[in-house]
Every structure is written in structure tokens, then in C-alpha cells.
Amino acid sequence: MGLPPVLTLLLLPLGSALLLNLTLMPVWLALLGTDLPLFETGLYYLALVGFGTLPGWMRHRRAAMLRATEPSDAQCDALSRKVITERLTAEVDRARAMRRPMAALVIHLPQLEMADEQFGPVLLHTLLARVCQTIRESCRHHDLLGRHQPTLFWLLLPDTGEAGALIVRDRVMRALNREVFAETGAIQARIHACYLHPGETTTHFEQRLLTAGLKLMEPSP
């Protein structure tokens with residue numbers, strides 16, 4: 001009785017296996033031909049299917065929890081959009097409480113979209129890895145890099161004023177331009193620096209970052 005549902009669960013994805021087992025339940029019961037009452041045999045079969053799905057369900061649930069709590073972006077070594085937004089709030093609160101300056105770089109990399117569409121995920125993954133590594137090597141270890149959109153990154157710069165942010169901006173841009181790929185050429189970056197104004201709220205500062213990102217993603221005239 002347990003062989004058909006177990007084999008199905010081993011060979012097929014969880015959802016498809018469960019649907020197939022329930023759909024073919026009358027067929028399996030008819031082929032078994034046991035002396036037990038049909039109702040009792042059906043309960044045994046459903047119990048087997050239910051217990052057989054538990055390992056797969058637990059595996060999917062664990063994977064979903066890991067994805068929900070994973071701080072990094074799914075494709076690269078940068079913080080996810082949710083985490084970088086949360087860290088922005090924390091850093092703005094910290095800067096206000098300690099009366100320290102803060103800046104952020106909005107980095108748009110238009111070649112990421114072209115790499116994905118024209119050359120596929122392998123080049124995109126390689127390009128993302130090189131971009132994240134290059135940006136991290138061009139700033140301090142406690143600066144926060146996050147991927148806010150597929151082609152847009154935020155680099156949060158705590159304890160950094162206008163002059164320091166411009167220095168980091170130029171350093172990052174020069175470092176990215178030195179990275180050359182045969183398929184796409186040198187990495188092109190459009191970077192805008194934003195500075196936290198005295199008394200500015202987190203919501204307003206985040207809105208300015210979003211507006212700067214939208215302007216950077218506009219096609220060049």
C-alpha cells in the first residue's frame with residue numbers, strides 16, 4: 001500500500017506528488033485488492049500519504065524561513081532590499097541621536113539588465129559578484145552595501161559628511177570603471193550622493209534616495 005505514494009513523493013515535486021496521489025487513490029485501492037473494508041483501506045492510504053509529505057513539507061518550510069531571515073540578496077553578496085531599508089532607519093536614528101553626519105550613495109548599474117537579457121544568469125552572477133567585491137574594497141568595512149532594485153544599490157556611509165561621500169563616490173566609480181568584461185566592456189556606474197539634513201526624518205531621507213534612484217535609471221538624453 002505504501003509503495004505507490006512513497007515512490008511518487010520521491011520522484012515528483014511535493015505539490016504534484018500530493019495531487020497525483022489523491023487523484024489516483026481509487027486506482028491504487030482497486031489494485032491492492034485487500035480484504036479490509038474500503039473505508040478503512042482509504043484511511044490507511046491517506047495516513048501514508050500524509051506522513052509521506054511531512055519531510056518534504058518541513059524541508060520547504062525551513063527553506064522559506066531561511067529566505068525570509070536571510071540578510072543577503074538572493075543573487076549577490078549585498079544586503080537585501082528589506083534589510084538595507086531597515087538598516088537605513090537604524091543608521092538615521094543613530095546619526096540623529098549622536099549628532100553625527102551621514103551620507104548614502106545611490107548606485108545605478110545599467111549593464112546588469114543587459115547582461116541578464118543578452119547573456120544569461122551566468123554572466124549576471126559574475127558581474128554582480130565583481131561589482132559587490134569592488135564596491136566593498138573601495139569603502140570602509142562598516143559601510144553598508146544593499147541591493148535595493150535589480151540594477152540599483154544603496155551604499156550607506158555612517159559618520160560621513162559631504163566631502164567624504166564625494167571621495168567615496170569618485171573612488172567607487174574609478175574602481176568599477178577598471179573592471180572590464182569581454183561581453184559588456186568596462187562596468188559603467190551612475191552614482192548620486194545624498195546627505196542627511198539636520199532634523200530630517202527617516203521617511204524623508206528614504207524618499208530622497210528613491211527619487212535619486214529613479215532619476216539615475218532614466219535613459220540618458
About how many Å separate [atom2] of [Y] and [atom1] of [X], when rounded to the nearest 0.5 Å?
X      : Y      : atom1 : atom2 : answer
Thr151 : Arg190 : OG1   : CZ    : 10.5 Å
Leu196 : Arg100 : CG    : CZ    : 12.5 Å
Thr202 : Glu200 : OG1   : CD    : 8.5 Å
Gln75  : Leu112 : CD    : CG    : 9.5 Å
Thr201 : Asp93  : OG1   : CG    : 10.5 Å
Leu145 : Ser138 : CG    : OG    : 10.5 Å

Practice task
Would you name the heavy atoms of Pro110 and His108 that are closest together and state the gap between them?
Solution key: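 What the structure gives for the nearest pair is CD-O, 3.5 Å.
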Handout entry: Heavy-atom pair of closest approach, residues Ala165 and Ala193
Key =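 Closest approach of Ala165 to Ala193, heavy atoms only: CB-CB, 4.5 Å.
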Exercise for the section: Apply side-chain contact (heavy atoms from CB on, under 4.5 Å) to Phe119 and Leu127, showing your working. Expected result: CA-CA 11 Å; Phe119 301 101; Leu127 191 58; over 6 Å; no
Do the non-hydrogen side-chain atoms of [X] and [Y] ever get within less than 4.5 Å of each other?
X      : Y      : answer
Leu176 : Leu109 : yes
Arg169 : Leu155 : no
Tyr195 : Pro101 : no
Thr184 : Leu123 : yes
His192 : Lys215 : no
Met114 : Gln111 : yes

[X] atom [atom1], over 12 foreign heavy atoms within 6.0 Å:
X      : atom1 : value
Arg87  : CZ    : no
His197 : NE2   : yes
Glu183 : CD    : yes

Using the rule that two of Ile, Leu, Val, Met, Phe, Trp, Tyr join whenever any of their side-chain heavy atoms come within less than 4.5 Å, decide whether [X] and [Y] are in one cluster.
X      : Y      : result
Val168 : Leu166 : no
Phe153 : Ile187 : yes
Leu79  : Leu152 : yes
Leu210 : Val92  : yes
Leu157 : Phe205 : no

Problem - Sole candidate of Val131, Asp77, Val172 that passes side-chain contact (heavy atoms from CB on, under 4.5 Å) when paired with Arg136 - result: Asp77
Handout entry: N/O donor-acceptor pair under 3.5 Å between Arg174 side chain and Asn177 backbone
Key = no
Handout entry: Worked check of side-chain contact (heavy atoms from CB on, under 4.5 Å) between Trp154 and Val106
Key = CA-CA 5 Å; Trp154 286 1; Val106 183; 4.2 Å; yes
Exercise for the section: Might you work through the side-chain contact (heavy atoms from CB on, under 4.5 Å) test for Thr203 and Gln207, ending with a clear yes or no? Expected result: CA-CA 6 Å; Thr203 302; Gln207 188 60 46; 5.6 Å; no
Exercise for the section: I would like to know whether Arg140 and Thr160 meet side-chain contact (heavy atoms from CB on, under 4.5 Å); could you show each step before the answer? Expected result: CA-CA 11 Å; Arg140 301 165 300 181; Thr160 303; 2.7 Å; yes
